[in-house]
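Just so you know, these numbers come straight off a predicted model, no measurement behind them.
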Amino acid sequence: MASFVDRVVLHVSGGTGGHGCVSVHREKFKPLGGPDGGNGGNGGDVILRVDPQTTTLLDYHHAPHRHATNGGPGMGDWRGGKNGETLILPVPVGTVVKSKSGEVIADLVAEGDEYIAAAGGIGGLGNAALSSQKRRAPGFALLGIEGESSDVVLELKSIADIALVGFPSAGKSSLIAAMSAARPKIADYPFTTLIPNLGVVQAGEVRFTIADVPGLIEGASEGKGLGHHFLRHVERCAALVHVLDCGTLESDRDPLSDLAIIEAELEKYAVDMSYSGSDGEVVPLNHRPRLVALNKVDLPDGKDMAEFVRPELESRGYKVFEISATSHEGLRQLGFAMAEIVKAARDAVAATPPKVHAPVLRPRAVNETGFTIRREEKNLEPLFRVLGDKPVRWVKQTDFTNEEAIGYLADRLAKLGVENELFKQGAKPGDMVVIGEDDGVVFDWEPTMMAGAELLASPRGTDVRFADIGDRPTRGQKRDEQQERRDAKAAARAELEAERKAGIWTESVSGRRARQPLKESGLGAADDE
């Protein structure tokens, strides 16, 4: 069972925002006291925070899915929903956060460093917050939005000043145990160390950290042995110490060939961009200051071998120390040499002025609309795709079971300029409009939805613009009906004018009553003829 994990893929998601509430205030003698629906609470964030007490990513290896708390829904009487609790995930010092494609997102190297891995969704507004002078009693509320979801890769890179590299059983773990209080596993067989070990060393006034890399062998870049897997733990180091085994009993190995093999493997390792030197540039491992420690000189053959190879190593420019992790011979000199390099590296960093990046202010352009419309084609029919943060967010906040909420969305889109832009791009009534990417919401465009719903009288939760949309007369039909009514009124007025001119209106009432029986008997008609 794994006890040390230095790389995991973490699946995180922020909490979902709570929905807004639709409510009307009611009390004695005041049955309709106005909207009082509260807002929904925001969802909780997922935050990675450096904790010195955490040394491994093992917990996330067993439970890689983490979700923050959702926000509570709004309630009546202007009561807002509870905000979701932030989920704090402790990570070790030196954790690098990457995307799944390998891009470095954050480098957490100090206690308290944080990174928001997934932001929580915002809560929806209640109908009290949506009320205005024109829309006094909204019958709808906005929905809460889902929190962000992301997959991040966490890699642990130990914070060490000096890195010990060498073949298996070269004595790296013994050297750390002899120079510090660390107690790594030590045995007389190869690959005893399966995880990086850290030790703190005090040399004079300088305190620094040393780390060993589980044994490198020839072909480590191709995956042999433990491979290059643990070299990430020494990417932040200021110097390397080659621990060479001078007491090896293998006839085909010697300190010089071991050094050449390790140097070749270090040359093949590409340092991650998450490490940056004092000058802001990435420094390959084998280009950093290096010391050579000829170990096991307490053995007779080891002492002879060290004296034999030392002149050759010094001629190559290495600073060589003959040491013994067992008898502690030469450890003091090696410790002060390490401290000198560490101090020089720290002084160089302190002397380098910090790079202050001037803030770049990018005001929004005058003609920037905040959205784009892309014309596409689906099944030989035109399709208009609306993209932008605001339109997509507004669609997610809309309750499509409520006509008034849909009308409010139409008003917001029209105010943003989406309707006008659709007109400019040649959209026609009935064309398909999609807001968002592949999972966007599909509409059949209805231009008559441009009128403001707050100016129309309709019951709460409804919108008269949605009543029998397919049966509503067009503007042309309305003009024709109006013209017909005008023509009928003109014909009636002409008829009345003709009767007036004929003198029908001048006859008395008594005479008209006297003529009525004659007309019924037919005599009146004969007289008229």
Side-chain angles (χ1 to χ4, degrees), residues 4 55 158-217 226 230-231 233-234 236-250 253-255 258-259 262 288-310 313-314 318-343 345:
F4 178 82
T55 58
S158 302
I159 306 296
D161 299 300
I162 300 294
L164 305 181
V165 294
F167 264 72
S169 299
K172 300 184 295 299
S173 299
S174 300
L175 182 57
I176 286 183
M179 298 185 69
S180 68
R183 292 296 177 264
K185 182 180 179 181
I186 299 174
D188 58 352
Y189 55 84
F191 298 107
T192 305
T193 302
L194 299 178
I195 63 174
N197 294 312
L198 293 177
V200 179
V201 180
Q202 183 76 37
E205 298 181 353
V206 181
R207 181 188 294 267
F208 58 93
T209 305
I210 58 177
D212 76 328
V213 180
L216 293 173
I217 62 174
L226 297 178
F230 291 111
L231 279 180
H233 291 274
V234 297
R236 309 178 193 273
C237 65
L240 298 177
V241 175
H242 287 281
V243 181
L244 303 180
D245 186 0
C246 292
T248 179
L249 300 179
E250 300 180 21
R253 282 183 51 195
D254 61 82
D258 289 355
L259 178 63
I262 297 301
R288 303 177 191 183
R290 287 164 291 173
L291 304 176
V292 174
L294 301 175
N295 194 20
K296 302 182 182 179
V297 296
D298 56 311
L299 301 177
D301 294 342
K303 185 67 174 178
D304 295 340
M305 179 64 73
E307 293 178 353
F308 177 74
V309 301
R310 180 167 186 164
L313 294 173
E314 290 178 342
Y318 293 104
K319 196 171 184 178
V320 183
F321 296 87
E322 298 180 9
I323 65 169
S324 171
T326 303
S327 64
H328 291 197
E329 178 183 347
L331 296 188
R332 180 178 175 83
Q333 294 82 352
L334 177 61
F336 278 98
M338 293 179 182
E340 183 180 355
I341 295 177
V342 171
K343 187 176 184 302

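In plain terms, the two heavy atoms of Phe208 and Gly335 that are nearest each other are CZ-O, 3.8 Å. A pairwise comparison of heavy atoms in Ala293 and Val241 identifies CB-CG1, 4.0 Å as the closest pair. Cys246 and Met305 get closest at one heavy-atom pair: O-CB, 3.6 Å. For the residue pair Arg310 and Val320, the shortest heavy atom distance occurs at NH2-O, 3.5 Å. Ala337 and Phe321 make their closest contact through CB-CZ, 3.3 Å (heavy atoms, listed as atom of the first residue, atom of the second, distance).
For the salt bridge (charged side-chain N to carboxylate O under 4.0 Å, His left out) test, no residue two or more places apart in sequence or in another chain qualifies with Glu307. Taking the salt bridge (charged side-chain N to carboxylate O under 4.0 Å, His left out) definition, one finds that Arg290 meets it with Glu263, sequence neighbours left out. The side chain to side chain donor-acceptor pair (under 3.5 Å) check on Arg207 picks up Gln202, with sequence neighbours excluded. With sequence neighbours excluded, the residues forming a side-chain contact (heavy atoms from CB on, under 4.5 Å) with Ala163 are Val234, Cys237, Leu240, listed by chain and number. Every residue meeting the side chain to side chain donor-acceptor pair (under 3.5 Å) condition with Asp298, not counting sequence neighbours, appears here in chain and number order: Ser324. Under the side chain to side chain donor-acceptor pair (under 3.5 Å) criterion, Asp161 pairs with Arg346, not counting sequence neighbours. For Leu175, the side-chain contact (heavy atoms from CB on, under 4.5 Å) partners are Leu164, Met179, Val243, Ile323, Leu331, Leu334, not counting sequence neighbours. Taking the side chain to side chain donor-acceptor pair (under 3.5 Å) definition, one finds that Gln333 meets it with nothing, sequence neighbours left out. Checked against side-chain contact (heavy atoms from CB on, under 4.5 Å), Lys343 has the following partners two or more places apart in sequence or in another chain: Val206, Asp347.
One distance of note links CG of Asn295 with OG1 of Thr326; it measures 7.0 Å at 0.5 Å rounding. Here CD1 of Ile162 is found 5.5 Å from CD1 of Ile341. Values are rounded to the nearest 0.5 Å.
Counting only heavy atoms from C-beta outward, the side chains of Val201 and Met338 never approach each other to under 4.5 Å. Taking the side chain as every heavy atom from C-beta outward, Leu313 and Leu259 approach each other to under 4.5 Å.
Evaluation of the salt bridge (charged side-chain N to carboxylate O under 4.0 Å, His left out) test over residues 324-341, restricted to residues two or more places apart or in two chains, returns Lys303-Glu329.
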